[in-house]
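Below is one structure, written out as structure tokens; comments come after it.
Residue numbering restarts at 1 for every chain, and letters A, B, ... go by the order of the sequence lines.
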Amino acid sequence: MEKYNHKDIESKWQKHWLETGAFKIDKDDTSKPKYYILDMFPYPSGDGLHMGHTESYTASDVYYRFKKMQGFNVLHPQGFDAFGLPAENYAIKTKVHPAETTEKNINTYIGQMKMLGLAYDFDEKAVTSDPKYYKWTQWIFSQFYKNDLVYKKTSKTNWCSSCQTVIANEQVVDGKCERCGAEIIQKEVPGWFFKITDFADDLITGLEKIDWPEHTKKNQVNWIGKSEGAEIEFRIQNSELKIKVFTTRPDTLFGATYMVLAPEHPIIENLENRIQNLGEVKNYIERAKNKTEMDRIEAKEKTGVKLEGIFAINPATQEEIPVFIADYVLGGYGTGAIMAVPAHDERDLEFAKKYNLKIEPVVSPMIVENRDPLIKHSEQKGVLEFIGDVRSGKKCFSESGYLVNSGKFTDMYNIEAKKEITKFVGGKMTTNYRLRDWSISRQRYWGCPIPVVYSPDGEAHLVPEENLPWTLPADVDFVPTGISPLAKSKELKERTEKIFGEGWVPEYDTMDTFVDSSWYFLRYPDPHNEKEFCSETRKKWLPVDLYIGGAEHTYMHLLFARFFVKAMNKIGLVNFDEPFQRLRHQGMVLDGQGKKMSKSKGNVINPNDMVNRFGADSVRTYMLFAAPLEDEVMWNEDNIVGVYRFLEKMWRLSSKVKGGELKVENKIQNLLHKTIKKVSNDIDNLKYNTAVSAMMILINDMEKEEEIARQDYESFLKILSPFAPHITEELWQILGNTNSIHNEPWPKFDENLMKDTSYTVVIQINGKVRAEIQVEEGTSDDDVKKLAMEQEASKKWMAGNEPKKVIYVKNKLVNIVI
RNA sequence: GCCUGGGUGGCGGAAUUGGUAUACGCGCACGACUUAAAAUCGUGUCUCGCAAGAGAUGCGGGUUCGACUCCCGCCCUAGGCACCA
């Protein structure tokens, strides 16, 4: 037999699969249960596929092949998130049109995916920059518009002066542009928004019914940031002006001893003539303006300035309290103003100590010790001591308890007091969310045009459905000037006037690319449909059963996609309200030293090089063997040889295969069936690393045999085939099979063959292992215990003592306690 | 500061309804084959100890016949973030 030659084998089968349409499926076949497994589609960058993609896509490919062999009709599509800034930035530099670069990059990606043996049908791909695709992005926008889920407003937004475009809050990293790294400044810009906040509650409750990693769910909940509390107004002394605060602790209102406003709070302008230290205040506001949100968050020490001459009235106590501005209070959250209760909030206490402000305790824990039942809780000795400690700043109490120093509410349980006190001062209970509406307008060229035109009076109108796709004009100059590139297109201007009339102008902004990727999984079942985004019959494929991708998409992409589906469900476009039933993340791929790969470090590993050297089967299997899927993988070239040797062993083992009715060693069948069971369960749970190791154990045992029964070897090939599709196909063919191994049914394990006739039982004396015995299947518990105690080693360690207790764990161990 | 993970041999990692810690792989050492090397195969490989044995899953406690696994308190580390009122 010839030596294992991965290059010849892999190119042979890749060609064969392509020619025979091995990865095509009949999407209308209803004879089998459906399974939809999805990868997060890549942005086709000029750098090509990276190792992270390789791991993620291999993981889904293994699952696809497994499910297919189990008899499912499996949809396993791939596409490209093709709009975006890098292609446009490249165009600015080189004048090469983004459409051209994008197409080139996509072809590179497809070639690389084929090299890895990934089973995608690229005739069925979705490409977001293709007018046939974005027609439906625009159509969905229109549906949202008609259903009052889109609105336009002018708002202070993050502006990247380098990209000359608005950046979503979620896309700002360290106060810098996520894509180009330039500083983000605040700028007033008009734009379109999606009402994602309408679904804030649904986005939280929907998490309960989907199988996602717990930490991902928690992070989404935290991101949405629901908090229940009250809005309460504080009057400014000697004025009609009022400041509204949002607080989760209205029960502590009697302890509010000062207020803090965000530096951008509008009321400050109205108070200018009364602020005695206006210069200092303006100076502070100016400095805060130049700070990015991240700077404000990261500041070690809280800073602030008192508004001299200004006092607010605590509506509960009617006391005059000082007012500060401080940049740790954010204009964009709540009402941009807080009441401060230093006795019951750590941050307020820190600030109060720094500026020497009054601390007034108003909640005390229930103190049980030395309690006199005839005296009210608030007058108990222990409570009075506690109050003293808090008042002196020694401690801060932020938990639940009973009110003190709170007028007629004293001695009430604080949770009950929330509503009562709010009512008392004329406030109202409200729910506040951290989540903001999604700004989707971008002043960029390479994106999906917003299908809106403006009549001469400036009113916005949707582009009618018959004019979709509302295409991206080709005649533009990409160089950013602060106005949208589309404004420079003669063709777009003429097109608009021709269709709508003289004086009509098109919307010049394009959409955030996260819009494109918020619905792409709805397109895959029916990507060529020109009448609908997806036909009713093809909607049977939805929702996605298993979604695999990086944890970096926890907040933006996964939240936006969920919002899209919920909105579309509300409109009646889909009949489910969660897009991804099961979600799993893959970890990062690091270099051999455990460092992140990056161009600047020069440690980027190209998947093609690895495939050339070790073969796709080895690269695939090693990626999944090296670490659990969700963990980081260190790409250590020295270790991949272990997997390569394993595949070589598989190759050589085929020469021991005997056909016909060969009588087989029972021992191998026992292990084989155990392995089939373990590999099946492990794949189903995406525990690929232990599945591979189980197969390594099996081959080490099989190697020792003189002869291998054909059916045993074939079963082994089948369970290996999802990981190493090429070598298994080749060996399958060498055995004389004419069909593809990948269309074979998944091997079944036989519980009878897995039964053991005897077990090794460990003997412990006081929990320490002292001996082991072989116990025949079916031996009674008492007999095993007796046998254990009769052992020489047991007698020695028992040293004549009578056992206090003997514990027997079936077929595992006996623990003799003396 | 807060949130979420993670800490097991020289290295990647395995083991949880609490039951033989270190599977599998890499590396290393020795041996076989070879003129030699590579490849392959075999044996060994947590630490201390001549041995009997003892100790070890970040550290310190606890529960238990028995703890990597559960509880309490720390330390270190990675990633994420929202000082959220």
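Nearest to the side chain of A:Arg347, among B:A54, B:C24, B:C84, sits B:C84. Distances were taken from every side-chain heavy atom of A:Lys649 (C-beta onward) to each of B:C81, B:G25, B:U4; the shortest belongs to B:G25. Between B:A82, B:G13, B:C24, one nucleotide has an atom nearer to the side chain of A:Pro628 than all others, and that is B:G13. Across B:G13, B:A82, B:A21, the shortest atom-to-atom separation from the side chain of A:Trp223 is found for B:A82. Minimum atom distance to the side chain of A:Thr760 is reached by B:U20, of the listed B:U40, B:U20, B:G25. Considering only the side chain of A:Tyr555, B:G80 comes nearest among B:G80, B:C65, B:A15.
Using cut-offs of 30° and 60° for the angle between ring planes, the A:Phe560 and A:Trp438 rings count as parallel.
Among the duplex regions that RNA chain B forms, those built from at least three successive Watson-Crick or G-U pairs under 3.5 Å are B:1-7 with B:75-81, B:10-12 with B:24-26, B:27-32 with B:40-45, B:46-48 with B:53-55, B:58-62 with B:70-74, ordered by first number.
Heavy atoms of A:Asn700 sit under 4.0 angstrom from primed sugar atoms or phosphate atoms, though from no base atom. Here A:Lys226 lies out of heavy-atom contact (under 4.0 Å) with every strand. Nucleic acid contact class of A:Lys768 (heavy atoms, under 4.0 Å, all strands): sugar-phosphate only.
For the residue pair A:Lys674 / A:Asn670, a side-chain donor-acceptor distance below 3.5 Å is found, with atom types taken as modelled.
Using a 90° window around 0 for the glycosidic torsion, B:G42 falls outside it and is classed as anti.
Listed by residue number, the members of residues 811-818 of chain A with any heavy atom below 4.0 angstrom from RNA chain B are A:Lys812, A:Leu813, A:Asn815, A:Val817. A heavy-atom distance below 4.0 Å to RNA chain B is reached by none of the residues of residues 678-686 of chain A.
Looking at residues two or more places apart in sequence or on another chain, you find no side chain to side chain donor-acceptor pair (under 3.5 Å) involving A:Lys795. Residues forming a side chain to side chain donor-acceptor pair (under 3.5 Å) with A:Asn603 (at least two apart in sequence, or on another chain): A:Asp591. For A:Arg434, the side chain to side chain donor-acceptor pair (under 3.5 Å) test picks out no residue, with sequence neighbours left out. By the side chain to side chain donor-acceptor pair (under 3.5 Å) test, A:Gln220 is found to be paired with A:Arg562, residues two or more places apart in sequence or in another chain being considered. By the salt bridge (Lys or Arg N to Asp or Glu O under 4.0 Å) test, A:Arg347 pairs with A:Asp345, sequence neighbours left out. Shown here are the ring pair (Phe, Tyr, Trp, His ring centres under 6.0 Å) partners of A:Phe324, two or more places apart in sequence or in another chain: A:Tyr258, A:Phe351, A:Tyr355. Considering only residues two or more places apart in sequence or on other chains, A:Phe397 meets the ring pair (Phe, Tyr, Trp, His ring centres under 6.0 Å) condition with A:Phe386. Checked against side chain to side chain contact (heavy atoms under 4.5 Å, CB included), A:Pro213 has the following partners two or more places apart in sequence or in another chain: A:His215, A:Thr216, A:Leu583, A:Arg584, A:His585.
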Is there any protein nitrogen or oxygen under 3.5 Å from a nitrogen or oxygen in nucleotides 5-12 of chain B, and what are the pairs?
residue, atom, partner, partner atom, Å
B:G12, O2', A:Ala626, O, 2.8

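Atom NE2 in A:His585 sits about 14 Å away from atom P in B:G80, given to the nearest Å. Here the C1' atom of nucleotide B:G80 and the CE atom of A:Met556 are 11 Å apart, to the nearest Å. Atom CD1 of A:Ile807 and atom C1' of B:G19 are 10 Å apart (whole Å).
Between A:Tyr4 and A:Tyr644, the ring center distance clears the sub-6.0 Å criterion.
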Exercise for the section: Would you check, one step at a time, whether the test side chain to side chain donor-acceptor pair (under 3.5 Å) holds for A:Asn815 with A:Lys805? Expected result: CA-CA 8 Å; A:Asn815 189 9; A:Lys805 208 197 259 186; over 6 Å; no

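The environment of A:Glu706 atom CD is sparse: at most 12 non-hydrogen atoms of other residues, nucleotides or ligands sit within 6.0 angstrom. In the displayed structure, A:Lys810 atom NZ is contacted under 6.0 Å by more than 12 heavy atoms of other residues, nucleotides or ligands.
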